[in-house]
Amino acid sequence: MLRKIRKMVVLVLALSMLLSVSIPAMGADAIAVKVDGKKIELDVAPVIEKSRTLIPIRAVVEELGGNVIFNASTQAISINTADQEVKLTLNSKQALVNGASQELEVPAKAVDGRTLVPLRFVGEALGADVAYDAASKTVNVKYFSNMSGTLKIGGSTTIQPLAQAAADKLMAGNQGLSITIAGGGSGEGIKGVHAGTFNIGNVSRDLEAADNVSYPGLISHRIGTDGIAVIVNPKNTVENLTKQQVIDIFTGKIKNWKELGGKDAAIFVQTREAGSGTLTAFEELALLKKSKVLATATPHTSTGLIKEAVARNENAIGFISLGYMDNSVKAPKVEGVSALKSKALSKEWPYVRSLVIVSKGTPSGLTAKYVNYLLSPMGQQIVSQDYLPLKVVD
Amino acid sequence: MQSFETSSPEEKLFAVRIETKNRLNLISVRDSISEKLVFLLTTASAIVIVFIFIFIVKEAAAVLQVNSINFVTTSGFDQQIINAYNAPADKPIWQFGALGLLLGTLTTTLGALLLAVPMGMSTAIVITELAPVRLRYILRIVIRLLASIPSVIYGLIGLMVVVPFIQELLISSELQIRYIDRFQLAGNSMLAGIVVLSIMIVPIITALAVDAINAVPHHYKEAALALGISHWGTILRVILPAAKSGILAGIILSVGRAVGEAIALSMVSGGIGNIPQPGDGMVFFLTPVLTLASAIVNKSEIMSVPTIEAALFACGLVLLVTCVGLSLCARLVEYLVKRGEGRA
């Protein structure tokens with residue numbers, strides 16, 4: 001009985017301590033920040049000064065698809081999105097928005113070694129709606145949830161599915177927004193944007209010098225990378241291939257693994273059914289557009305099936321997008337370069353192409369928001385479902 | 001009430017007559033309505049079938065006009081599809097030949113029948129005549145269950161078990177090297193297709209044969225046994241012949257399933273439309289083949305190209321005609337058997 005009472009006392013004490021700790025934390029200065037309804041985790045609590053909210057801005061800007069650069073020696077803060085550029089200096093009331101000088105009511109300042117920036121000023125400069133809800137002590141930033149109008153996109157069939165996925169997400173969150181996605185290939189994308197048929201062109205390669213001559217004034221925004229790995233069975237002893245050997249294997253000139261230093265066994269080439277974007281990319285990048293995969297190769301209808309076939313057959317060879325690599329198959333080095341996602345981003349890996357979206361001049365309005373969306377964490381998540389996003393971990 | 005009491009017996013009788021007549025009229029009206037309704041529904045489903053046929057022929061027309069009979073007498077479908085896909089829009093390729101696919105379909109189906117009919121029949125005989133009563137009950141449940149497993153499961157099992165087994169048991173590394181210029185001997189083959197298909201259709205054949213045998217009047221068996229014919233002899237000479245048409249119906253149904261099977265076969269049979277050469281000996285059965293139904297599924301991703309769409313619809317038409325042909329064959333066999341017995 002006595003023991004029970006003692007337990008109760010301890011419990012009550014513990015509870016009261018917990019409550020006394022949490023009450024001040026929920027107090028006057030704890031302001032939440034939401035971007036398009038999503039709560040942003042801030043590592044330093046916001047500060048209110050002269051009724052202006054100052055917050056560590058990086059998390060919010062990245063949510064809008066932009067980036068923040070802080071130069072410690074000049075104390076300059078540079079915030080960039082596809083369409084806007086905001087420059088601030090610590091403790092200075094002067095700001096530059098797209099080069100035009102503007103006066104701040106409260107300057108950016110350093111608190112505990114972190115830079116805090118006035119949220120409303122930066123948010124509105126980037127084109128977002130910023131509203132403060134006093135009841136819930138929340139700053140609501142609306143950027144991808146206040147879009148309306150029409151946007152026409154077209155070009156590369158490689159990018160088409162991910163563009164469609166991004167468009168579906170955006171249209172689901174915006175009543176008055178309509179986005180159409182057409183195919184036609186990278187060339188059509190460039191042409192269409194230049195002619196004004198498209199607001200955005202999807203291009204599955206970097207813009208070349210020739211493009212800039214024929215279609216001047218286009219600006220490209222890289223959204224990700226498509227890298228293709230040549231895969232073999234984990235038991236296969238061949239560790240290195242040259243680019244020429246890859247061509248010879250996939251066109252049927254080399255038919256036995258012993259010609260490559262492996263065991264005396266036939267090479268079973270696995271390929272994808274016609275119409276696969278990976279096959280098109282592979283023939284473009286590895287077979288240099290000149291030849292096709294040999295006719296006796298076994299065609300598969302999906303990445304999963306070709307990988308499964310290579311994992312099951314010791315003598316098989318195939319190709320998949322680098323984003324799908326795992327331990328069930330092995331990727332030999334090509335020209336001495338390991339098939340790593342990081343090597344693909346640095347373009348050391350030979351079978352790489354950039355995925356870019358192009359706009360005519362600096363994008364603005366809806367076009368800019370679409371570009372920023374694909375660069376934001378949500379957009380990059382969509383890219384990473386089939387390809388390599390801008391930041392990868394091996 | 002008043003009027004009823006005053007009316008004469010003749011009038012009463014007359015009233016009853018009219019009532020009966022009205023009732024009869026009502027019944028005949030009701031009958032004719034339901035008769036017409038049934039007739040309407042029957043015609044509707046018949047019309048749907050006719051429309052499907054017309055639709056497929058219409059969609060396939062372009063390819064059939066260009067290729068006519070060559071569509072089923074020349075081969076090279078896989079390569080033609082790739083060429084058609086890569087052809088420039090102003091110079092479309094209309095030449096297609098699906099002989100390989102037709103042969104792939106026929107060889108896998110007939111092979112599966114050769115395996116599955118004896119297996120299914122013996123299982124049915126065991127279930128109906130030989131097994132202990134309690135076991136019969138369990139076996140029937142198991143067979144019904146097997147018949148309802150989706151084909152993709154059979155395909156997966158085929159890919160994981162049958163294909164590696166064939167490769168290890170029948171294919172040597174030397175054989176692979178010898179044939180690499182023509183096709184890949186990797187276990188994905190006509191044989192794997194036949195094995196998977198026959199596992200798929202055995203339950204259908206068994207289930208229908210069991211029903212057919214159970215429907216044979218019991219006094220046939222009793223009479224045969226009374227005449228001193230052995231149990232086995234009774235099964236072979238009395239029960240099976242009497243159940244023949246039901247068994248045949250099961251076989252026709254299973255042929256339909258085998259010919260139309262797409263997913264399982266596209267997983268295990270090799271996915272490429274080679275023509276098996278009888279001169280290759282055992283390798284004949286190890287040739288990777290592609291069936292009409294699998295081709296439609298595998299190539300459907302690029303249906304947006306009009307030439308390929310038409311070619312796949314032409315495959316569908318050949319498939320339909322093959323199905324009809326095979327079931328007509330079965331009817332012919334039935335007719336010939338009956339005539340042999342002097343019943344037709």
Side-chain angles (χ1 to χ4, degrees), chain A residues 157 160-161 182-185 188 233 249 251-259 262-280 283-284 287 289 291-318, chain B residues 75-87 89 155-156 159-161 163-164 167-168 171-189 262-263 266-274 287-290 294-305 308:
Chain A
T157 48
Q160 199 175 351
E188 288 298 316
N233 190 277
I249 293 169
T251 53
K253 261 190 220 125
I254 297 178
K255 294 165 194 161
N256 196 309
W257 283 109
K258 75 179 172 190
E259 293 174 59
K263 63 175 193 171
D264 183 11
I267 297 177
F268 288 160
V269 176
Q270 312 293 312
T271 182
R272 295 282 303 276
E273 289 280 1
S276 142
T278 317
L279 173 63
T280 315
E283 288 183 334
E284 229 172 83
L287 308 184
K289 291 186 197 175
S291 33
K292 301 255 161 245
V293 172
L294 75 164
T296 57
T298 305
H300 298 273
T301 47
S302 71
T303 298
L305 286 174
I306 191 172
K307 197 161 78 175
E308 212 279 325
V310 173
R312 203 162 37 78
N313 191 324
E314 239 177 276
N315 303 323
I317 188 167
Chain B
S75 57
F77 195 75
D78 298 273
Q79 213 51 45
Q80 287 152 352
I81 287 281
I82 293 174
N83 295 342
Y85 180 70
N86 291 311
L156 267 181
L159 195 61
M160 295 301 173
V161 181
V163 170
Q167 193 194 351
E168 270 168 42
I171 301 172
S172 69
S173 172
E174 293 77 46
L175 204 63
Q176 291 180 332
I177 294 172
R178 186 149 22 109
Y179 278 94
I180 189 67
D181 278 331
R182 284 179 46 206
F183 41 75
Q184 300 176 355
L185 288 175
N188 296 67
S189 56
I263 303 293
S266 101
M267 289 167 93
V268 301
S269 75
I272 189 158
N274 295 302
T287 311
V289 294
L290 182 64
S294 306
I296 294 174
V297 168
N298 288 1
K299 320 277 184 200
S300 60
E301 207 177 318
I302 44 175
M303 284 257 283
S304 52
V305 181
I308 293 172

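Quick note on labels: first sequence line is chain A, next is B, and so on, each numbered from 1.
Per-residue counts of heavy-atom pairs under 4.5 Å with chain B were compared for A/Glu273, A/His300, A/Lys292, A/Glu308; the largest is that of A/Glu273. Each of A/Thr280, A/Leu294, A/Val269 has some count of heavy-atom pairs under 4.5 Å with chain B, and the biggest count is that of A/Val269. When the candidates B/Asn274, B/Val305, B/Asn86 are compared by the number of heavy-atom contacts under 4.5 Å with chain A, B/Asn86 comes out ahead.
Heavy-atom proximity under 4.5 angstrom to chain A picks out B/Ser173, B/Gln176, B/Ile177 from residues 171-178 of chain B.
Here CZ of A/Phe268 is found 6.0 Å from CG of B/Leu185. Values are rounded to the nearest 0.5 Å. Taken from CG in B/Asp78 to OG1 in A/Thr298, the straight-line distance is 10.0 Å, to the nearest 0.5 Å. To the nearest 0.5 Å, atoms CD (B/Gln184) and CG (A/Asn315) are separated by 10.0 Å.
Counting heavy atoms from C-beta outward, A/Pro299 and B/Ile272 have side chains that approach closer than 4.5 Å.
Contact of B/Asp181 with chain A is made through backbone and side chain together, with heavy-atom distances under 4.5 Å. Contacts between B/Val163 and chain A at a heavy-atom distance below 4.5 Å involve the side chain alone, from C-beta outward. Residue B/Met267 does not touch chain A at all, counting heavy-atom pairs closer than 4.5 Å. Heavy atoms closer than 4.5 Å to chain A are found in both the backbone and the side chain of B/Leu159.
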Inset, instruction - Any chance you could lay out the side-chain contact (heavy atoms from CB on, under 4.5 Å) test for A/Asn313 and B/Gln167, step after step, and finish with the verdict? - result: CA-CA 10 Å; A/Asn313 191 324; B/Gln167 193 194 351; 4.3 Å; yes
